[in-house]
Structures are given as structure tokens and as C-alpha cells.
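Chain letters run A, B, ... following the sequence lines, proteins first, then strands; residues in each count from 1.
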Amino acid sequence: MIIQGIAFYVFAALLVASGVMVISARNPVHSVLYLVLAFFQAAGLCVLLGAEFIAMILVIVYVGAVAVLFLFVVMMLDINFRELRAGAMQYLPLGGLIGVILLAELAAVLGGWIITPAAQKIASAPAAAMGQATNTEQLGQLIYTHYVYLFQASGIVLLIAMIGAIVLTLRSREGVRKQNIGAQLARRREDVVAIRKVPTGEGV
Amino acid sequence: MAEFWSGFLLPLIIIVLKILAIVVPLLVGVAYMTYAERKIMGAMQLRQGPSIVGPFGLLQPFADGLKLFSKEHILPAGSNRVLFYMAPMLTFFLALVAWAVIPFDTGMVLADINVGILYLFAISSLGVYGIVVAGWASNSRYAFLGALRSAAQMVSYEVSMGLVIISVLLCVGSLNLTKIVEAQQTIWFAIPLLPMFVIFFISALAETNRSPFDLPEGESELVAGFMVEYSSMPFALFFLGEYANMILMSGMTSILFLGGWLPPLPFAPFTWIPGPIWFALKIALCLFVYVWVRATMPRYRYDQLMRLGWKVFLPFSLVWVVLTAGVLVTFGWLPK
């Protein structure tokens with residue numbers, strides 16, 4: 001039990017520290033790497049909670065894919081971040097407000113559980129009904145059986161967002177030569193190569 | 001004090017010993033993998049391969065290791081010192097840490113976690129960081145180009161690899177690696193899922209940056225790609241990490257498709273040979289094919305590589321996942 005407690009405080013402290021470093025690091029690449037570290041600490045906390053599936057998916061999706069793309073973009077773009085940061089303080093009130101709202105919501109949920117302990121049972125009711133199944137199985141049951149329509153709807157929202165992003169960025173440019181693999185494979189020797197007998201001194 | 005000893009210190013010592021029991025043979029395996037690769041490629045190209053140091057050149061890997069130790073290491077001007085040294089360490093660390101969940105026999109596993117295959121997938125998807133960070137931190141055009149290629153390549157092939165893993169999981173009904181192997185008691189998944197086996201193997205080649213997909217280090221155009229600025233031990237760590245990753249990917253292939261530690265036929269004389277030996281033999285078989293491919297195939301062009309990943313493997317494995325699920329449901333073969 002003590003080791004779990006120590007592990008929790010280590011993960012939590014590193015999570016907060018790397019979160020602070022994400023916004024305060026001077027080099028944007030370092031910021032992204034601190035973000036990766038933060039994701040890892042969050043995954044560690046999930047493992048401590050017994051949510052190993054969520055932890056692994058967090059690492060696979062966020063660290064393995066999303067943060068790689070961030071890193072890609074930050075390394076490729078040559079942005080002067082000092083200029084960008086110059087006006088950053090003006091967003092502080094808005095950012096602070098969002099933070100306060102999130103904190104208040106969390107406090108409301110946790111406070112509700114403390115005031116009426118019965119409320120906590122409602123939150124975990126579907127999972128409790130499944131007894132001792134592994135949490136992968138429980139999530140599968142919940143998402144694909146109990147909430148399948150909501151799951152499909154969120155999938156459609158994501159699909160539309162993806163199509164939107166493609167439509168916004170797709171433009172056909174003139175004068176760009178593209179490889180047409182079908183045309184390349186359909187080439188026959190007769191069409192492109194001719195053998196001529198050229199008499200000396202006369203040319204073709 | 002006695003409680004501290006039996007409840008904390010003793011398990012810790014046992015775990016450390018177990019880790020050593022996995023890591024030491026792994027590193028020896030890595031050393032002799034380089035030797036085997038040079039010997040096999042030598043035989044395929046009608047050469048001798050290493051033959052001077054020790055009998056049959058058997059001490060060559062150690063000679064190479066000593067040589068790398070004694071080299072000067074160079075920090076390029078304008079490089080990022082911390083990240084420059086962190087990248088090879090990360091690559092090597094990830095290649096070792098993945099072995100924690102690999103089962104060598106029934107119950108012979110360091111950490112028998114329920115989401116073993118996801119853990120392996122997560123670790124293998126992190127490998128890209130070592131390469132990207134190395135490319136960026138060395139402050140060199142060649143290294144950076146190699147790193148970008150590698151990032152794009154590894155992200156692309158992970159997608160189809162994920163779908164291949166899903167189609168295996170559909171047949172098993174569990175994410176636990178031991179259960180995946182035990183589900184192959186009747187038939188190895190390489191037979192009913194043969195196309196997936198092939199796709200997984202090719203994706204593993206791309207994931208480990210091996211020939212014919214070794215564009216990140218394509219020496220004809222990028223000198224040595226992301227590790228062009230590395231020398232001495234940091235280079236050796238990249239090298240060890242790469243070969244350990246190859247062994248890991250072969251282990252994953254044999255667990256997912258070749259029945260892990262199970263003998264090919266479930267009766268004597270096959271059952272006399274213990275499980276870990278079968279497992280090692282299957283890994284060795286996969287590694288041999290890696291080397292064989294390297295000695296045979298020319299390097300892919302970059303656009304062909306992307307096309308193969310996104311336009312061939314991804315749709316095909318997606319269709320195969322649907323097909324597998326359909327067959328399992330139709331015939332009522334879904335695992336309980």
C-alpha cells in the first residue's frame with residue numbers, strides 16, 4: 001500500500017511539473033517532449049487506478065501518434081516562438097477562467113459523492129453489474145453493447161470532421177505532374193520503343 | 001525487519017534476477033545476431049563472412065564491441081547535448097523494456113499483464129521517438145531527413161499492424177499474451193490468418209527500419225540517416241537497440257502467429273523439447289528470414305513504401321478484420 005502511495009505522488013508530481021514545463025519551456029521541441037512525459041505520467045496514474053486498458057490506449061494514441069505529429073510539425077515549422085509568446089499574457093484571463101470552470105466541475109462531482117455516497121454507486125453501476133471481468137471486457141460491453149448508438153454517433157462526428165479537414169486543405173494545383181501508376185504499367189514496348197536501321201551519314 | 005525482508009526486499013531481488021535472466025541472454029543474442037547476419041549474408045553472396053577472430057570468427061561480435069568502446073565520441077557543434085545523448089539511450093531502453101511481458105513458456109513471464117499485446121504495441125510505437133529526437137538533436141540535414149522519413153514510415157505501418165493484431169485478438173478473445181499462445185493449441189494462427197501473417201511480417205520489417213525499408217538510414221543517399229552524427233557508445237546503443245528490436249518483433253510474430261512456445265505437433269518427440277527452446281527456434285527462423293530479405297531485396301523507393309502501407313496493406317487488413325469477425329460470428333466460433 002505504501003509503495004502505491006509513493007508511486008501516486010511521484011506520478012502526480014511529475015505530471016504537474018512536466019505540465020508546467022510544457023508551457024514554460026523556451027524551445028517548442030522541448031515543450032512537446034515534456035508533453036509526452038506528461039502523457040506517460042497520466043498513463044502511470046491510470047495503471048495505479050487499475051485502468052490498464054485506458055493507460056495503454058493513452059500511450060498508443062497520444063504518445064505514439066498525436067505527439068509524434070506535433071513533434072513533426074514543431075520541428076518542421078520555423079516559427080519565431082518568442083514573437084508568438086509576446087502577446088500570450090493577454091489570454092491569461094480566458095485560460096484561467098476555463099481552468100477554474102473545470103476545477104469547479106470536478107469539485108462538484110467529487111463533492112456530490114462525498115455528500116451523498118449513494119450517488120457514487122450510480123456512476124459505476126454498469127461496470128459493477130459485470131462483476132470481475134477485465135476492464136477491457138467491461139469497456140467493450142459498455143461501448144459496443146450498452147452505448148453503441150452514442151459510439152456510432154461520435155464516430156460519425158469524427159468522420160465529418162476528417163472530411164471537413166480534407167475539404168479545407170485539398171486544392172488541385174496546376175502544373176503538378178503526378179505519377180500515374182496505371183498508365184505506367186499499361187505502357188507497352190511497341191508504343192514507346194522503335195528500332196530503326198539508320199544508314200551511315202543520313203540520320204533518321 | 002523480517003517483514004521488510006520477506007515482503008519487499010526478497011521479491012525485489014527475485015525480480016532483479018529475473019530481469020537479468022531475460023536481458024543477459026538477449027544481449028548475447030543481439031551480439032550473435034550481428035555475427036549470424038554477416039555469416040548468412042556471406043554465404044548468400046559466396047563470401048566467407050567474419051572468419052578471423054576466434055574459431056569460425058565466433059569472437060567477432062566482442063571484437064566489434066571492444067572497438068566501439070575504445071572510439072572517441074564526438075558531440076556535433078550546435079547539437080542539443082541532453083537530447084543527443086538521450087536518444088540512443090531511449091532506443092536501447094525501449095528495446096529492452098518490451099521483454100517484460102513476453103512469455104517464454106506457461107507462466108514463465110516477468111509480468112503477466114492483461115493487456116500484454118497493447119503494451120508491446122505501445123512500446124514499439126514509441127521507438128520512433130529515439131529516431132526523431134536523434135535526428136533533430138544532431139543538428140544535421142542528413143540526420144533530420146532520416147528522422148522525418150522514419151517518423152512517417154513507422155506511423156504508417158503501425159496502422160496496418162494494429163489491424164493485424166485486432167484480427168488475431170478476434171480469434172483469441174483476450175489481450176493476454178499467454179492466452180494468445182494457448183489459443184493456438186489446435187492450429188497456429190499463421191495458417192487460418194496467412195495473409196495477416198505476411199502483412200505483419202512485412203510491417204515488422206518497416207517498423208524496425210530493416211531492408212528493404214531501410215530508407216531512414218539509406219546509405220546511398222543519406223549516408224547513415226538519423227545516426228550519421230553518432231560515434232562510439234551512443235552509436236553502439238542504437239545498433240544494439242535496432243537488433244534487440246528485430247528480435248522482439250520476431251518474438252511478437254512467433255507469439256501471434258507461430259504458436260509461441262508450443263511444439264509444431266502436440267505429441268512426442270516434439271513435446272520432449274522444452275517450450276523456451278521452441279520459442280527460440282521460431283525467433284531464429286524469423287530472424288533468418290529478416291537476413292534473407294536483406295540479402296535479396298533492393299531498397300524500396302519512398303513513395304512506393306508509402307503507397308504499400310496506406311493503399312495496399314491498410315485497406316486489405318481492414319477488409320480482413322471484417323471478414324474474420326464475420327466468419328467467427330456466422331459459424332459461432334467466437335471465443336468465450
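Across A/Ile60 and B/Ser125, no two heavy atoms sit closer than the pair CA-OG, 4.4 Å. Contact record, A/Phe72 with B/Ala151: CE1-CB, 3.5 Å, taken as the closest heavy-atom pair.
The closest donor-acceptor contact from the side chain of B/Tyr129 to the backbone of A/Val63 lies under 3.5 Å.
By number of non-hydrogen pairs under 4.5 angstrom with chain A, the leading residue of B/Val133, B/Leu83, B/Val82, B/Ile113 is B/Leu83. Among A/Val29, A/Leu71, A/Thr136, the residue with the largest count of heavy-atom pairs under 4.5 Å with chain B is A/Val29. Interface summary for chain B: among A/Ala55, A/Ala65, A/Ala67, the most heavy-atom pairs under 4.5 angstrom belong to A/Ala67. The greatest number of non-hydrogen atom pairs below 4.5 Å with chain A, out of B/Val155, B/Val128, B/Leu126, is found for B/Leu126.
Using a 4.5 Å cut-off between heavy atoms, B/Leu148 touches chain A through backbone and side chain atoms alike. Contacts of B/Val132 with chain A are made by both backbone and side-chain atoms, with heavy-atom separations under 4.5 Å.
Two residues are said to be in side-chain contact when any heavy atoms from C-beta on lie closer than 4.5 Å; A/Met56 and B/Phe121 fail this criterion. Between A/Glu52 and B/Leu118 the shortest side-chain heavy-atom distance does not fall below 4.5 Å.
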* To do: Give the C-alpha distance, both sets of side-chain angles, the deciding distance and a yes or no for side-chain contact (heavy atoms from CB on, under 4.5 Å) between A/Val68 and B/Met154.
  => CA-CA 10 Å; A/Val68 171; B/Met154 290 173 91; over 6 Å; no

